[in-house]
Amino acid sequence: MCERIPKVVLLAGGVGGARMARGLATVLPAGSLSVIVNVGDDEHFHGLKVCPDLDTVVYTLSGLVQAQRGWGVAGDTTHALDMLRKLKAPDTWMHLGDGDIGLHLFRSECLARGESLTSITNRITSALGTPATIIPASDGDAPTLVDTDQGLMRFQQWFVQERARPAVRAIRYETVGTRVTSSAALALSGADLVVIAPSNPLLSIYPMLALPGFRDALLGSSARCVGVSPLIGGRAVKGPLAEMLTDLKLGTGNRAIATLYRDLLDALVIDKSDDADFPALMDAGLPHIELAATHICDRDKANELARAVLKAGQLNPLGFTEELA
Ligand code: FO1
């Protein structure tokens, strides 16, 4: 007999994904969790490659994150940004702290020397200490473009500079010339459970699913797939999801989330306060709906939600007992 630890893969965007990752990393045994992270938000600022979702997951799991905002480094100073503003450099609307810029310098230098984003991310997580493997969804550029009533914008321009105000007419995932990383495909094929974090489906999860090879790797995996709805009472805890669903005529509330993920999910975790959505979700063909407190406002809530997700995934967090051949 041998004990095998369960292999859990989380698909994550920024803040919500990072907090879900921390809960899962806490309740699962060491070596169990891999987090595949969206790179559609990545952008160049001041000559540096910035990967906001990867960095949010890295900072959260290594304990460096500015907890209230959920992104950036706690206690970071802004001397570099202050100087850039004095110099009237472009794009200083993106708030980059000095410590954060140190990470971007490191990554940009490694990329310039030909190292892959996957390999650089491994070096960053080893150096900073994260209790999970963090895998970029793609090594190549795969930007998310937002087509708005004020024109076509790159993601950070729309989200940060324009404060997500321009109404969204369409979203474009530019994936030509790139594909899912082999590390992500391997993690998906070997997973016992795939969890879709309470991230924005259209801005964080679909950019990954749009990568050539990603959806095939997910659908080809024998893992159960559990999603956590990012909506509570029809609204996102943070961010423009509800408005986007309306602008894009994709329905409302948990029913819209179930529809967006309909070919992927074995179960959906929704907030306890949304128990009235049960019949509509059953009608939408969801085989398993789990109620839990889905607002991750502190570490205890993150752990509680992680346990509910594992329950929905029918996974024993302590591991599997297998006969050796
Ligand atoms: N979000 C903001 O709302 N304003 C910012 O100035 C900002 C800067 C920033 C810098 C580094 C980083 O890793 C994240 C940053 N974010 C900022 C968050 C980021 O725009 C979003 O969280 C994600 O891209 C969406 O998941």
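All ligand and atom numbering here is 1-based and tracks the order in the structure. What you see below is based on every heavy atom in this structure, not just the backbone, and it leaves out hydrogens, waters and symmetry mates.
If you chain together ILVMFWY residues whose side-chain heavy atoms come under 4.5 Å of each other, V15 ends up grouped with W71.
One finds no salt bridge joining K49 and E43 here, because no Lys/Arg side-chain nitrogen approaches an Asp/Glu carboxylate oxygen to under 4.0 Å. Using a cutoff of 4.0 Å between basic side-chain nitrogens and carboxylate oxygens, R165 and D149 are not scored as salt-bridged. Under a 4.0 Å N-O distance rule, the pair R215/D263 qualifies as a salt bridge.
The list of side chain to side chain donor-acceptor pair (under 3.5 Å) pairs with a residue in residues 279-293, not counting sequence neighbours, reads H288-E290, E290-K311. Judged as a side chain to side chain donor-acceptor pair (under 3.5 Å), the pairs with a partner in residues 59-68 (not counting sequence neighbours) are, in order, Y59-D100.
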What short N/O contacts, under 3.5 Å, does ligand 1 make with the protein, listed by atom pair and distance?
| residue | atom | partner | partner atom | Å |
| --- | --- | --- | --- | --- |
| ligand 1 | 6 (O) | H95 | N | 2.9 |
| ligand 1 | 20 (O) | Q156 | OE1 | 2.8 |
| ligand 1 | 24 (O) | D41 | OD2 | 2.7 |
| ligand 1 | 24 (O) | Q156 | NE2 | 2.9 |
| ligand 1 | 26 (O) | D41 | OD2 | 3.3 |
| ligand 1 | 26 (O) | D53 | OD1 | 2.8 |

